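Remarks on the structure that follows.
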Amino acid sequence: MSLGYAEKLSFIEDVGKVGMTEFFESPRILQEKSKHMVVFTGAGISTSCGIPDFRGPKGIWTLQREGKALPKAALPFNRAMPSITHMALVELEKASILKFVISQNVDGLHLRSGLPREKVAELHGDSFMEICPSCGAEYVRDFEIETIGLKETLRRCPDAACRARLRDTVLDWQDALPQKEMEAAEKNCRMADLVLCLGTSLQITPACNLPLKCLRGGGKIVIVNLQKTPKDKKASL
């Protein structure tokens with residue numbers, strides 16, 4: 001809050017608790033508290049990047065249901081930059097506190113933020129990635145892929161021994177989640193002693209069921225989201 005703004009406010013006696021004690025713990029203590037932390041992300045972590053969410057008060061599906069005009073993205077995907085949240089996750093991974101990220105987003109911001117590809121499961125695909133269905137090679141582009149729905153794109157695998165037509169990686173409603181990404185996500189959730197869910201209402205199945213797998217091993221789930229999660233999920237948590 002700027003000083004100028006604070007000076008313009010009228011005086012009230014009770015402004016809430018101020019000057020509360022902050023607690024800082026050493027990396028050693030943090031490591032002892034969580035051996036395998038997983039973060040599960042949704043559209044809410046990218047709204048500050050100019051990308052509308054879906055179920056928020058001004059989300060795409062919320063406005064559709066209300067018969068209102070849809071929001072315009074402040075930026076196209078290829079001009080959006082990773083947020084503070086994205087970069088904080090990068091620092092946690094560098095510090096070996098964060099072990100794995102599971103994302104429902106297709107904006108490609110986790111990889112562009114600097115997270116290693118092997119530490120990220122992009123369950124619904126990446127708008128900037130093509131994959132070769134023959135040799136499995138992935139190609140991250142600096143432009144948004146023209147299609148979605150695992151369709152063939154305009155390019156071929158550059159491997160001279162392959163040359164198969166590349167496909168986009170973004171799922172449409174009828175497409176099954178990629179097996180490789182799901183296996184990595186499930187493995188890490190089962191290993192997790194903490195799953196931190198950020199910016200997701202946990203309503204898209206089967207992805208939303210992944211965090212629950214950590215509970216079987218005695219792990220815990222923390223949800224940070226502007227909206228409430230479904231009652232059945234809250235009961236499970």
Side-chain angles (χ1 to χ4, degrees), residues 39-47 49-78 80 101-112 117 120-133 136 138-141 143-155 164-186 188-189 195 197-213 223 225-234 236:
V39 171
F40 184 89
T41 65
I45 72 164
S46 295
T47 53
C49 306
I51 300 174
D53 65 0
F54 298 96
R55 294 184 179 82
K58 296 183 180 180
I60 294 172
W61 294 334
T62 302
L63 296 178
Q64 278 182 337
R65 190 178 298 111
E66 296 173 352
K68 297 179 180 178
L70 298 183
K72 294 182 179 180
L75 291 172
F77 274 6
N78 64 338
V101 172
I102 304 167
S103 181
Q104 303 170 100
N105 299 339
V106 300
D107 51 37
L109 290 174
H110 280 307
L111 295 187
R112 290 164 65 190
R117 175 67 179 101
V120 183
E122 297 192 295
L123 299 183
H124 298 157
D126 186 327
S127 293
F128 296 89
M129 183 183 292
E130 293 176 288
I131 190 169
C132 178
E138 296 176 338
Y139 300 95
V140 178
R141 310 300 189 185
F143 55 87
E144 191 172 346
I145 307 304
E146 303 87 351
T147 61
I148 70 165
L150 312 180
K151 297 182 179 69
E152 290 186 348
T153 67
L154 304 175
R155 291 158 292 279
R165 186 66 66 86
L166 300 179
R167 292 180 178 270
D168 71 74
T169 61
V170 177
L171 306 186
D172 208 340
W173 284 111
Q174 72 275 10
D175 296 318
L177 272 65
Q179 183 178 356
K180 179 181 177 182
E181 307 293 307
M182 278 294 288
E183 288 177 352
E186 287 189 7
N188 278 276
C189 282
V195 176
C197 300
L198 300 177
T200 172
S201 57
L202 294 173
Q203 295 190 55
I204 294 294
T205 57
C208 66
N209 296 318
L210 285 168
L212 301 176
K213 297 183 183 298
I223 299 174
N225 192 50
L226 287 177
Q227 288 184 297
K228 293 181 178 180
T229 54
K231 290 182 179 179
D232 58 331
K233 293 293 179 195
K234 291 197 295 181
S236 299

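Everything numeric in this text was worked out from a predicted model, so none of it was measured. The figures here come from the full heavy-atom set of this structure, side chains too, leaving out hydrogens, waters and symmetry mates.
- Using a 3.5 Å distance cut-off with no hydrogens or angles, the side chains of Thr169 and Glu122 do not pair a donor with an acceptor.
- Side-chain atoms of Leu210 and Met182, non-hydrogen and from C-beta on, do get closer than 4.5 Å to each other.
- When the salt bridge (charged side-chain N to carboxylate O under 4.0 Å, His left out) test is applied to Arg167, the partners found at least two apart in sequence or on another chain are Glu152.
- A search for salt bridge (charged side-chain N to carboxylate O under 4.0 Å, His left out) contacts involving Arg155 returns Glu130, Glu146, not counting sequence neighbours.
- In this structure, CD1 in Ile145 is found 9.5 Å from CG in Leu154, a value given to the nearest 0.5 Å.
- Of the candidates Ile102, Ile204, Leu171, Leu123 forms a side chain to side chain contact (heavy atoms under 4.5 Å, CB included) with just one, namely Ile102.
- Interatomic distance, Ile223 CD1 to Leu202 CG, rounded to the nearest 0.5 Å: 5.0 Å.
- Residues meeting the side chain to side chain donor-acceptor pair (under 3.5 Å) test with Gln179, sequence neighbours left out: Glu183.
- If you take CG on Leu198 and CD1 on Ile45, they are separated by 6.5 Å, rounding to the nearest 0.5 Å.
- Scored by the side chain to side chain donor-acceptor pair (under 3.5 Å) test, Glu138 finds Arg117 as partners (sequence neighbours excluded).
- One distance of note links NZ of Lys213 with CG of Asn188; it measures 13.0 Å at 0.5 Å rounding.
- By the 4.5 Å heavy-atom criterion applied to side chains, Leu212 and Cys189 are not counted as neighbours.
- Taking CZ from Arg141 and CG from Asp126, the interatomic distance works out to 12.0 Å, rounded to the nearest 0.5 Å.
- Shown here are the side-chain contact (heavy atoms from CB on, under 4.5 Å) partners of Ser46, two or more places apart in sequence or in another chain: Ile51, His86, Asn105, Asp107, Leu109.
- Considering only residues two or more places apart in sequence or on other chains, Thr41 meets the side chain to side chain donor-acceptor pair (under 3.5 Å) condition with Ser103, His110.
- Qualifying side-chain contact (heavy atoms from CB on, under 4.5 Å) partners for Lys151, counting only residues two or more places apart in sequence or in other chains: Thr147, Asp168.
- For the atom pair SG (Cys197) and CD (Gln104), the distance works out to 9.0 Å, reported to the nearest 0.5 Å.
- Pairing each heavy atom of Ala207 with each of His124, the nearest pair is CB-NE2, 4.2 Å.
- Taking Glu144 as the reference, Phe77, Ser127, Phe128 meet the side-chain contact (heavy atoms from CB on, under 4.5 Å) condition, with sequence neighbours excluded.
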